[in-house]
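From a predicted model like this one, the values you see are computed outputs, not experimental measurements.
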Amino acid sequence: MTGIMLDLPENKIVDTSITSKLRTDFVRIRKRAIPRLVNMKDNEMKQVLDNYHQEYKKILELHIDEKMSKEDNISALIDLSRLREEILLLIIQGYRIINDRIEKNKKISKERQRR
């Protein structure tokens, strides 16, 4: 697992069907990602999280098709915002796992030093 690999349009223009598909695809990816992250070594997990961050940056470059209706435009913007939020939450969860491991190792180390 090296990244999320969403099917982003090359022209960086999205409409409601594309944003909806991107969100659906990411939900599927996220459900598989969390259990895998837990079993990775920290350095491997950091690389995967960096890949997610790179994908997030690509999503920031997407813009809405100006030919859409106002309602579709709003819907697509909401989907993009949610997708960005979901990716950031996954990245945060990954770093929380790493941080929890570090804290656990610190406690174990302190307990060993006391003995």
Side-chain angles (χ1 to χ4, degrees):
M1 183 172 117
T2 58
I4 55 179
M5 306 303 284
L6 290 171
D7 188 19
L8 301 175
E10 289 184 29
N11 64 3
K12 298 182 174 142
I13 297 173
V14 295
D15 58 21
T16 53
S17 65
I18 293 171
T19 57
S20 178
K21 183 181 181 322
L22 289 173
R23 284 201 59 231
T24 301
D25 290 348
F26 184 72
V27 167
R28 180 182 40 81
I29 291 167
R30 184 185 65 218
K31 286 180 182 179
R32 292 189 326 242
I34 295 298
R36 290 180 180 173
L37 287 174
V38 171
N39 296 319
M40 289 182 178
K41 294 180 181 178
D42 290 355
N43 287 336
E44 185 181 13
M45 189 185 318
K46 286 178 185 178
Q47 179 60 49
V48 170
L49 295 174
D50 184 57
N51 292 343
Y52 281 97
H53 187 248
Q54 296 306 316
E55 197 80 359
Y56 175 80
K57 287 180 183 179
K58 291 177 189 175
I59 291 168
L60 288 175
E61 296 174 3
L62 298 177
H63 51 279
I64 304 303
D65 186 351
E66 295 178 13
K67 298 174 185 173
M68 291 189 304
S69 70
K70 185 176 181 178
E71 293 80 15
D72 286 344
N73 191 321
I74 292 169
S75 179
L77 285 171
I78 290 170
D79 279 344
L80 275 180
S81 294
R82 287 179 179 161
L83 177 61
R84 292 171 185 154
E85 179 181 306
E86 289 168 358
I87 292 173
L88 286 176
L89 287 172
L90 180 59
I91 293 169
I92 290 167
Q93 286 176 315
Y95 279 108
R96 184 178 300 141
I97 292 168
I98 293 171
N99 187 57
D100 289 348
R101 288 179 187 169
I102 291 169
E103 292 299 318
K104 181 180 177 182
N105 287 337
K106 282 181 184 179
K107 287 180 183 179
I108 291 170
S109 179
K110 285 181 182 181
E111 287 175 10
R112 287 182 182 163
Q113 288 177 355
R114 290 180 193 164
R115 293 180 192 171

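When hydrophobic clusters are built by joining Ile, Leu, Val, Met, Phe, Trp and Tyr residues whose side-chain heavy atoms come closer than 4.5 Å, directly or via intermediates, Leu22 is not grouped with Val27.
With sequence neighbours excluded, the residues satisfying side chain to side chain contact (heavy atoms under 4.5 Å, CB included) with Lys106 are Ile102, Glu103. Judged as a salt bridge (Lys or Arg N to Asp or Glu O under 4.0 Å), and not counting sequence neighbours, the contacts of Arg28 are Asp25. For Lys67, the side chain to side chain contact (heavy atoms under 4.5 Å, CB included) partners at least two apart in sequence or on another chain are Asp65. By the side chain to side chain donor-acceptor pair (under 3.5 Å) test, Glu86 is found to be paired with Arg23, residues two or more places apart in sequence or in another chain being considered. Shown here are the side chain to side chain contact (heavy atoms under 4.5 Å, CB included) partners of Asn11, two or more places apart in sequence or in another chain: Pro9, Ile13. Applying the side chain to side chain donor-acceptor pair (under 3.5 Å) criterion to Glu61, with sequence neighbours excluded, gives Lys12. Annotation: side chain to side chain contact (heavy atoms under 4.5 Å, CB included) contacts of Ser69 (sequence neighbours excluded): Glu71, Asp72. Listed by chain and number, the residues in a side chain to side chain donor-acceptor pair (under 3.5 Å) with Ser17 are Asp15 (sequence neighbours excluded). Applying the side chain to side chain donor-acceptor pair (under 3.5 Å) rule to Arg101 yields the partners Asp42; only residues at least two apart in sequence or on another chain are considered.
Taking Ile, Leu, Val, Met, Phe, Trp and Tyr as members and joining any whose side-chain heavy atoms lie under 4.5 Å apart, directly or through other members, Ile108 forms no hydrophobic cluster with any other residue. In the hydrophobic clustering, Ile78 connects to Ile74, either directly or through intervening members, whenever side-chain heavy atoms lie under 4.5 Å apart.
By the 4.5 Å heavy-atom criterion applied to side chains, Ile18 and Lys21 are not counted as neighbours. Side-chain contact between Leu62 and Thr19 is absent, with no heavy-atom pair separated by less than 4.5 Å. Residues Phe26 and Ile59 form no side-chain contact, since every pair of their non-hydrogen atoms from C-beta on lies 4.5 Å or further apart. The side-chain heavy atoms of Ile64 and Val14, taken from C-beta on, include a pair separated by under 4.5 Å.
The CD atom of Glu111 sits 6.5 Å away from the CZ atom of Arg114 when rounded to the nearest 0.5 Å. The line from CD of Gln47 to OH of Tyr52 is 12.0 Å long, rounded to the nearest 0.5 Å. For the atom pair NZ (Lys104) and CG (Asn99), the distance works out to 13.5 Å, reported to the nearest 0.5 Å. Glu85 contributes atom CD, which lies 12.5 Å from atom CG of Leu80 (distance to the nearest 0.5 angstrom).
In plain terms, the two heavy atoms of Met68 and Asn73 that are nearest each other are CE-CA, 3.6 Å. Residues Leu6 and Glu55 come closest through the heavy atom pair N-OE2, 3.0 Å.
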Per-pair distances, 0.1 Å, donor-acceptor, side chain in residues 87-98, under 3.5 Å, sequence neighbours excluded:
none

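In this structure a side-chain-to-backbone donor-acceptor pair under 3.5 Å is present from Thr24 to Ser20.
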